[in-house]
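Below, chain A is the first sequence line, B the second, and so on; all start at residue 1. Treat the numbers as computed from the prediction; the structure is a model and nothing was measured.
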Amino acid sequence: MAHLRESTDKALKLLRTLPRVQIGNLRPNPNSKQNDKRGRAQHGGDKHGAGNKGSGQRQNFMRLGYETGNQPFYLRFPYEPYYKGHHMRREYPPISMLQLQVLIDTNRIDISQPIDIATLCNSGLMTLKPAELQYGFQLTDEGLDNFKAKINIEVQHASEAVIAAVERNGGVIRTAYYDPRSLHILSNPKKWFEKGVPIPLRMLPPQDAVEYYTDAKNRGYLANPEEISKERLVLAQKYGYELPRIEDDPNYEMLTAAKDPRQLFHGLEPGWLINLVDKTIVKLKTT
Amino acid sequence: MNKITCAFISVLQHSNKSYGSATLLGRQLSYKSDLSLDKIYPNARLKLYTPPPPPGSGDKFNGYIPMDKLEISYSRSSGPGGQHVNTSNTKVDVRFKLSEAHWIPEKTREKLLKALANKLNKEGYYFIKSDLTRSQQMNLADALEKLRTLIRAQELDEPTAPSEETVEKLRRRQEKAARERLQQKRSRSQTKQDRQA
């Protein structure tokens, strides 16, 4: 281990420069010697460490936190539960359907490939800050009446009306969870690949999110695909459109391309090391 | 690795696919982890498909409305809203000929014809309008919801006569009430008599 070698070298270097070990240079290990002072005679006795007069010597101490009359610090601030659990609340910055349509129309996003967080962040117009508890994007329903694009999109939250708007145009929408480390990687993939770290596994959602992502109604990535197919028909009937036959679409393969629950990037497996300079992929040897 | 596999791999490398799966000799080559969907749902159809509409089960309306049988038109909504309400067609008008609506079971259709006889237009069309929300899509959903509620209202069972137990219970209640009322009346009368000279 490099760490052990370095510390041994340092110790030997020290030994060369320090003076010879003598009784005067030594010190016992901390907390190995107990104080032998008894409560008698000049130094240990007399006041017994209680000082002179006052509540201290009379053993009538003020209670802990008392500030001799003024409102103590621990009583100054009432309980305000505004921020209770704020460090665990997930945020999903919104993208409206209108914004998405504009991005598609101005060729900022390529719809011939599946769209996910990485695509949206690489367009340069969306930023994700995982450090500020932003757990991905949500698709909002502003402009859904005029949405006309056939896309395969993966977001972190979408309402029913939005799902209907995407599916009525022949597209596919999924909601997937990414843990904070994966989000950090996806928000700037190029910068992360330059680090030279193998792609990690994506973690499963926390308990309060599992129900959402295993529900076919929300098109969750952990939901039963057969139920999702059925829910597509249900939604088509609810919102009053003819469900387009996705099997007859020439882009069927692209539209149904979905990542594995443990996968971060399409086409790349966890454990692979991407070398951007030499344009190679280093894979784990399976023994 | 045999020559066929090598050929397939070279074809794959030259293809422009960067997503999801690829097939080699008929097998899926996508990454499958310990938590892939085929392990969580082993017996499910993993590929997305369009299920056929549910079959009509005789008398009951199953909720399925074929969209091509309805005539849907959009127009501008009324009410306040400024430029948005003036320029966007958010009002939805859903029309269909009631006598030819074979997606409604026969019995229910006949009941509907009777109930809505005064509401059909000259050609026999029934229409539902909705301008509930700001969105065309949501208004269409609202119109269809109204239609389904209308059809289902005709299928509700007629109110049955109360059971023998209920009738007996009510009779006893009424008798007890009458008894108490007369008792109070008699007691009041006695009090009044006692006050007389």
Participant: Do B:Arg95's NZ or CZ and the ring of B:Phe127 fall within the cation-pi criteria of under 6.0 Å and 45°?
Facilitator: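 Yes, B:Arg95 sits over the ring of B:Phe127.
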Participant: Against chain B, label A:Ile246 side chain, backbone, both or neither, depending on which of its atoms sit under 4.5 Å from a heavy atom there.
Facilitator: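 For A:Ile246, backbone and side chain are both near chain B.
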Participant: Do we see a donor-acceptor contact under 3.5 Å between the side chains of A:Asn122 and A:Thr119?
Facilitator: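 No, no side-chain donor-acceptor pair sits under 3.5 Å.
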Participant: Relative to chain B, which segment of A:Asp145 carries a heavy atom at a distance below 4.5 Å: side chain, backbone, both, or neither?
Facilitator: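 A:Asp145 touches chain B through side-chain heavy atoms alone.
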Participant: Below 4.5 Å, heavy-atom pairs only: which of A:Leu204, A:Leu255, A:Asn224, A:Ile228 has the largest tally toward chain B?
Facilitator: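 Ranked by heavy-atom pairs under 4.5 Å with chain B, first place is A:Asn224.
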Participant: Checking heavy atoms, do the side chain of A:Lys230, its backbone, both or neither come under 4.5 Å from chain B?
Facilitator: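 The answer is both parts of A:Lys230.
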Participant: Check whether the side chains of B:Thr50 and A:Glu247 place a donor and an acceptor atom closer than 3.5 Å, and report yes or no.
Facilitator: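 Yes, because at least one side-chain N or O of B:Thr50 sits under 3.5 Å from a partner of the opposite role on A:Glu247.
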Participant: Is it the side chain or the backbone of A:Leu268 that comes within 4.5 Å of chain B heavy atoms, both, or neither?
Facilitator: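 Nothing of A:Leu268, per the 4.5 Å heavy-atom cut-off to chain B.
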Participant: Below 4.5 Å, heavy-atom pairs only: which of A:Leu144, A:Leu201, A:Asp248 has the largest tally toward chain B?
Facilitator: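 Looking at each of A:Leu144, A:Leu201, A:Asp248 in turn, A:Leu144 comes out on top.
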Participant: For the residue pair A:Tyr239 and A:Glu160, confirm or rule out a side-chain donor-acceptor distance under 3.5 Å.
Facilitator: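 The criterion, which ignores hydrogens and geometry beyond distance, is satisfied for A:Glu160 and A:Tyr239.
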Participant: Where on B:Leu35 is there a heavy atom nearer than 4.5 Å to chain A: the side chain, the backbone, both, or neither?
Facilitator: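 Contact with chain A is through both the backbone and side chain of B:Leu35.
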Participant: By the definition side chain to side chain contact (heavy atoms under 4.5 Å, CB included), identify the one residue from B:Arg186, B:Lys192, B:Gln193 that meets it with B:Ser189.
Facilitator: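 So, applying the side chain to side chain contact (heavy atoms under 4.5 Å, CB included) to B:Ser189 and each of B:Arg186, B:Lys192, B:Gln193, only B:Gln193 qualifies.
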Participant: Can you tell me if A:Ser96 uses its side chain to pair, donor with acceptor, with the backbone of A:Thr140 under 3.5 Å?
Facilitator: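 A pair under 3.5 Å: no.
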Participant: Relative to chain A, which segment of B:Ile40 carries a heavy atom at a distance below 4.5 Å: side chain, backbone, both, or neither?
Facilitator: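 Answer is side chain: those atoms of B:Ile40 sit under 4.5 Å from chain A.
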Participant: Is B:Glu175 salt-bridged to B:Arg172, going by a charged N under 4.0 Å from an acidic O?
Facilitator: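 Result for this pair is no, no salt bridge flagged.
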Participant: With a 4.5 angstrom heavy-atom cut-off, could you sort out which part of B:Tyr49 is near chain A: side chain, backbone, both or neither?
Facilitator: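 The answer is both parts of B:Tyr49.
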Participant: Select, from A:Lys238, A:Arg262, A:Gln237, the one with the greatest count of heavy-atom pairs under 4.5 Å involving chain B.
Facilitator: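 With the most close heavy-atom pairs to chain B, the winner is A:Gln237.
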Participant: Has A:Glu167 got a side-chain atom pairing as donor or acceptor with A:Ile173's backbone, closer than 3.5 angstrom?
Facilitator: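 The answer is no, because no donor-acceptor pair under 3.5 Å joins these two groups.
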Participant: Which bit of B:Asn89 comes within less than 4.5 Å of chain A, counting heavy atoms only: side chain, backbone, both or neither?
Facilitator: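 Nothing of B:Asn89, per the 4.5 Å heavy-atom cut-off to chain A.
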Participant: Check each atom of A:Arg245 against the heavy atoms of chain B and say whether the ones under 4.5 Å are side chain, backbone, both or neither.
Facilitator: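 Contact with chain B is through both the backbone and side chain of A:Arg245.
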Participant: If you round to the nearest 0.5 Å, how far is OG of B:Ser78 from CG of B:Asp131?
Facilitator: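 Between atom CG of B:Asp131 and atom OG of B:Ser78 there are 4.5 Å.
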Participant: Taking the side chain from B:Asn62 and the backbone from B:Pro55, do they hold a donor-acceptor pair closer than 3.5 Å?
Facilitator: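 Yes.
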Participant: Any idea which of B:Ala143, B:Ala141, B:Gly63 has the most non-hydrogen atom pairs under 4.5 angstrom with chain A?
Facilitator: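 Of the options given, most contacts go to B:Ala141.
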Participant: Check each atom of A:Tyr221 against the heavy atoms of chain B and say whether the ones under 4.5 Å are side chain, backbone, both or neither.
Facilitator: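 When you check distances to chain B, only backbone atoms of A:Tyr221 fall under 4.5 Å.
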Participant: Starting at CG of A:Leu133, measure out to NE2 of A:His87 and round the result to the nearest 0.5 Å.
Facilitator: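 So the gap between those two atoms works out to 9.0 Å.
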Participant: Determine the option with the most heavy-atom pairs under 4.5 angstrom with chain B, choosing from A:Ser229, A:Gly240, A:Ala236.
Facilitator: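 Ranked by contacts with chain B, first place is A:Ser229.
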Participant: Could you look at B:Arg134 and say if it's the side chain, the backbone, both or neither that has a heavy atom under 4.5 Å from chain A?
Facilitator: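 The backbone, not the side chain.
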Participant: With a 4.5 angstrom heavy-atom cut-off, could you sort out which part of A:Val234 is near chain B: side chain, backbone, both or neither?
Facilitator: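 Answer is neither: A:Val234 stays 4.5 Å or more from chain B.
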